[in-house]
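Below is one structure, written out as structure tokens; the observations come after it.
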Amino acid sequence: MLEIARTLDPQTSRALEDAPTPMSACADYDVVRRIIAFISENWRDQPSLESIADHVGLSTSHVHHLFRRWAGLSPKAFLQAVTLDHAKRLLDAEASLLDATLELGLSGPARLHDLFVTHEAMTPGDYKAKGAGLVLSYGYHPSPFGEAIVVATPRGLAGLGFVDDADRDGALADMRRRWPNADFVRDDAATSSYPARVFEPERWRPDQPLDIVLIGTDFEVRVWRTLLGIPFGRATTYSAVAEKIGSPKAARAVGAAVGRNPISFVVPCHRVVGRSGALTGYHWGLTRKQAILGWEAGRMA
DNA sequence: AGGCAATATCAGC
DNA sequence: GCTGATATTGCCT
């Protein structure tokens, strides 16, 4: 029982700097991530709540409450939600999961994704252009998973990433690398409305879909669109996605494309795991992938 | 050509 | 059986 997917990435376990902002969950994430990281590194000795609390320097009850508030789950339940076992069960139930949801999105523009997204793909030429001629506004905002960098065009959300170690420049550089020829303009006002719409499930309304813009190669866009069909709190494998897009043997390439997803969380690349149930990789750190998966588990009916 | 966020397979516990 | 290591793989940029 209690096996955490073993591929954890220790460098994501460092502390964030505090973000003095409303969305209270953001400040919590600093502690939460340290708790998750600690548990993940020490799962072999089944750390008690007490030793966890010790490690982050808080009382046991504080840890418990904080964690519950953030994840909707006790630390122990959270742990179970992120075990290999659990991931495997998600996969078993997978069956025709992708088919059911996706077809809906193809016939009508509206309902893809639990978040209700309308997507627009910027086509082939833009791959070569690397974003030339595009003006991208970006800003930094708190989120339940640490400070987020938000990148938007007038047509909608184009990028969403996370800041680690208070390294905003690094997060920005990561976005620039994706569209080297685009103009990046700091404009927090232009991006400030996104985080709440994205990270607060109670605001997900079919009549107010979120506009996103997918900028990538044809193959990438196909993969990303497929990801939008994976329901909240569920998971699939790289090979299943490969089959879905009609290249059953391209699991590896799918992995690479998934890794290049620019709109973290909204395009749920965190819901793709290895065939064995292992978490494999995550562009913004495996600890964060665990956190998001657990957070979703805590918000399931 | 080069590289992969994959997967199948196998030896050692 | 399970685990980690290694070999093989197909396809994208």
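Quick caveat, the model's predicted, so the values are computed rather than measured. Per chain, numbering begins at 1; letters A, B, ... match sequence-line order.
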Represent DNA chain B in dot-bracket notation, 5' to 3'. Only Watson-Crick or G-U wobble pairs with both distances under 3.5 Å count; pseudoknot-style crossings use [ ] and interstrand partners use |.
||||.||||||||
Let me know the distance between NZ of A:K289 and P of B:dA5, rounded to the nearest Å.
11 Å
List the protein contact pattern of nucleotides 8-13 of chain C with one symbol per nucleotide (5' to 3'): B for base contact, S for sugar-phosphate-only contact, - for none; contact means a heavy-atom distance under 4.0 Å.
-BBSSS
Enclosure of A:R176 CZ (heavy-atom neighbours >12, cutoff 6.0 Å)
yes
Under the rule for ring pair (Phe, Tyr, Trp, His ring centres under 6.0 Å), what residues qualify as partners of A:H62, not counting sequence neighbours?
none
Around atom CZ of A:R155, are there more than 12 heavy atoms of other residues, nucleotides or ligands at under 6.0 Å?
no
Classify the ring geometry of A:H270 against A:Y282: parallel below 30°, tilted from 30° to 60°, perpendicular beyond 60°.
perpendicular
Kindly say whether the aromatic ring centers of A:F162 and A:F265 come within a distance under 6.0 Å.
no
Give a yes or no on whether the ring-centroid distance for A:W295 and A:F145 is below 6.0 angstrom.
yes
By ring pair (Phe, Tyr, Trp, His ring centres under 6.0 Å), which residues pair with A:H141, not counting sequence neighbours?
none
Which pairs, with at least one residue in residues 230-261 of chain A and sequence neighbours excluded, count as a ring pair (Phe, Tyr, Trp, His ring centres under 6.0 Å)?
A:W204-A:F232
Just checking A:E120: does its CD atom have more than 12 heavy atoms from other residues, nucleotides or ligands closer to it than 6.0 angstrom?
yes
Atom-pair distance (CG on A:N261; P on B:dA5), nearest Å
14 Å
Look at the side chain of A:Y282 against the base of B:dA5 and say whether a donor-acceptor pair falls under 3.5 Å; ignore hydrogens and angles.
no
Does the side chain of A:V213 reach to within under 4.5 Å of the side chain of A:I263, using non-hydrogen atoms?
no
Treating primed atoms plus P, OP1 and OP2 as sugar-phosphate and everything else as base, which nucleotides of nucleotides 8-13 of chain B get B, S or - for protein heavy atoms under 4.0 Å?
------
